[in-house]
Amino acid sequence: MISVSGLLGDSVQLRATIPPNFYVREAFWKVVIPVHEMVASSFKGTSSTLYQSRFYGRCRLYSNFTLEVGPLGLEDAGTFLVLLVNATGEMKEQVFHLAVHAASVPAIQVFAEERGPNVSAGSCMLFLTCSVSGGSNISYSWTRPGGKDPARKEHVLFQNGQVLWLTVDVQEEKQELYTCTAANAVSKESATVDPLTGAVLSFAANKGFPYDYRDALLIIVPFTSLFIAGMCVFLCSRRSSGKYLCPPV
């Protein structure tokens, strides 16, 4: 089986491989999972894509027997089969599995943790969460300017890289940018934030964050778009535009 990945809304090509010295007279493209439907065919150089399948009007069969399907929907994922027949009736079969992914466009949120007894007065502990709405099979990574990985002693990753915990010095004037990259099989997108001045969401700085960071992870990691929307409504009411998330002490 040949695995092919496509991007939601784009087109994808399923390329039939012609064996050596195999002269194709007929070719039949079918989808067999989740339902069995004829998609396209070719007979002696004349192709047809007029079959009443869910791909009607969204597919094209090339002279080399490559099938193009698009624009793709998530429901188009499945197993395709092409049957090649030569002039003597010999048949060759190839199977393709099509996976359809949504683009992995990330959004970053910033949260402050209550300053603990072991944290210096000029430092602030923050959580940066990176989330994707609608993507699938996402992997996350964090970098600083120049593509550098965050320093291990000052940063800790949770939730397979989706959450970055860090300690910053609020007395330094140097801007520190952090970039989250979310990637899957068909897309790779990034978002960048300045944790101190570019915080999208925050808790009131004078009250701190009243939870231990292990408890906070259960609250702040956005697993669904509905949860994210609820957090935005609650937290944006406390946002002060242009101010530091962790004010200098």
Side-chain angles (χ1 to χ4, degrees), residues 1-107 130-141 160-162 181-191 222-226 228-229:
M1 182 180 294
I2 302 171
S3 297
V4 180
S5 295
L7 179 63
L8 179 67
D10 281 359
S11 298
V12 68
Q13 290 187 348
L14 307 178
R15 303 179 184 274
T17 301
I18 311 301
N21 302 318
F22 190 90
Y23 301 99
V24 179
R25 183 185 65 182
E26 304 169 60
F28 303 93
W29 276 98
K30 307 174 183 179
V31 58
V32 294
I33 295 176
V35 294
H36 195 288
E37 296 176 309
M38 180 71 74
V39 178
S41 66
S42 176
F43 180 74
K44 293 184 177 180
T46 302
S47 62
S48 175
T49 57
L50 300 179
Y51 297 96
Q52 295 299 315
S53 72
R54 68 179 185 273
F55 300 99
Y56 178 80
R58 296 192 294 125
C59 62
R60 178 180 178 183
L61 185 60
Y62 291 91
S63 59
N64 63 352
F65 311 109
T66 292
L67 179 69
E68 182 176 273
V69 179
L72 291 172
L74 293 176
E75 68 280 1
D76 293 334
T79 301
F80 291 74
L81 180 149
V82 59
L83 182 65
L84 306 175
V85 185
N86 67 8
T88 65
E90 183 182 1
M91 294 181 291
K92 298 291 185 180
E93 185 178 277
Q94 296 170 25
V95 180
F96 298 78
H97 176 71
L98 174 63
V100 181
H101 303 274
S104 57
V105 180
C130 188
S131 61
V132 171
S133 177
S136 56
N137 299 320
I138 306 298
S139 63
Y140 297 90
S141 62
N160 296 319
Q162 192 173 359
T181 299
N184 60 16
V186 294
S187 67
K188 184 177 181 180
E189 301 288 344
S190 299
F223 289 107
T224 65
S225 58
L226 179 62
I228 295 173

Please walk me through it: do V31 and T79 pass side-chain contact (heavy atoms from CB on, under 4.5 Å)?
-> CA-CA 6 Å; V31 58; T79 301; over 6 Å; no
Please test N86 against V24 for side-chain contact (heavy atoms from CB on, under 4.5 Å), starting from the C-alpha separation and ending with a verdict.
-> CA-CA 4 Å; N86 67 8; V24 179; over 6 Å; no
Begin from the C-alpha positions of F55 and F80 and carry the test ring-ring contact (aromatic ring centres under 6.0 Å, His included) through to its verdict.
-> CA-CA 12 Å; F55 300 99; F80 291 74; 5.4 Å; yes
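Taken from CZ in F22 to CD in E90, the straight-line distance is 5.0 Å, to the nearest 0.5 Å. Between atom CD1 of residue I33 and atom CG of residue L81 there is a gap of 10.0 Å, rounded to the nearest 0.5 Å. To the nearest 0.5 Å, the span separating NE2 on H101 from OG on S5 amounts to 4.0 Å. Atom NE2 of H36 is separated from atom OG of S53 by 12.0 Å, given to the nearest 0.5 angstrom. The structure places OH of Y51 at 12.5 Å from OH of Y56, a figure rounded to the nearest 0.5 Å. I138 contributes atom CD1, which lies 10.5 Å from atom CD of E189 (distance to the nearest 0.5 angstrom).
Contact annotation: the side chain of D76 approaches that of R58 to within less than 4.5 Å [non-hydrogen atoms, C-beta and beyond]. In this structure the side chain of S131 reaches within 4.5 angstrom of the side chain of Q162, judged on heavy atoms. F96 has its side chain within reach of W29: a pair of non-hydrogen atoms, C-beta onward, lies under 4.5 Å apart. The shortest side-chain heavy-atom distance between Y140 and T181 does not fall under the 4.5 Å cut-off.
Counting heavy atoms of neighbouring residues, nucleotides and ligands inside a 6.0 Å radius, atom CE of M91 does not exceed 12 of them.
Under the 3.5 Å distance criterion, with hydrogens and angles disregarded, no donor-acceptor pair is assigned to the side chains of Y62 and S47.
No donor-acceptor pair closer than 3.5 Å links the side chain of D10 to the backbone N or O of L7. Of the possible donor and acceptor atoms, none in the side chain of Q13 sits under 3.5 Å from a partner among the backbone N and O of L67. In terms of modelled atom types and a separation under 3.5 Å, the side chain of E68 and the main chain of C59 share no donor-acceptor contact.
The minimum heavy-atom distance linking T66 with A16 is given by the pair OG1-N, 4.2 Å. In this structure, G70 and S11 approach most closely via the heavy-atom pair CA-OG, 3.6 Å. Across all their heavy atoms, L8 and G73 have their closest contact at CD1-CA, 3.7 Å. Nearest heavy atom pair, residue G78 against residue P34, reads CA-CD, 4.4 Å. Heavy atoms only, all atoms of each residue included: P106 and S190 are closest at CG-C, 3.8 Å. The two atoms that bring T49 and A40 nearest to each other are CG2-CB, 3.7 Å, heavy atoms only.
Residues R54 and E37 are paired through a salt bridge, judged by an N-O separation under 4.0 Å between the basic side chain and the carboxylate.
None of I18, T17, V82 except one satisfies the side-chain contact (heavy atoms from CB on, under 4.5 Å) rule with F65; the exception is I18.
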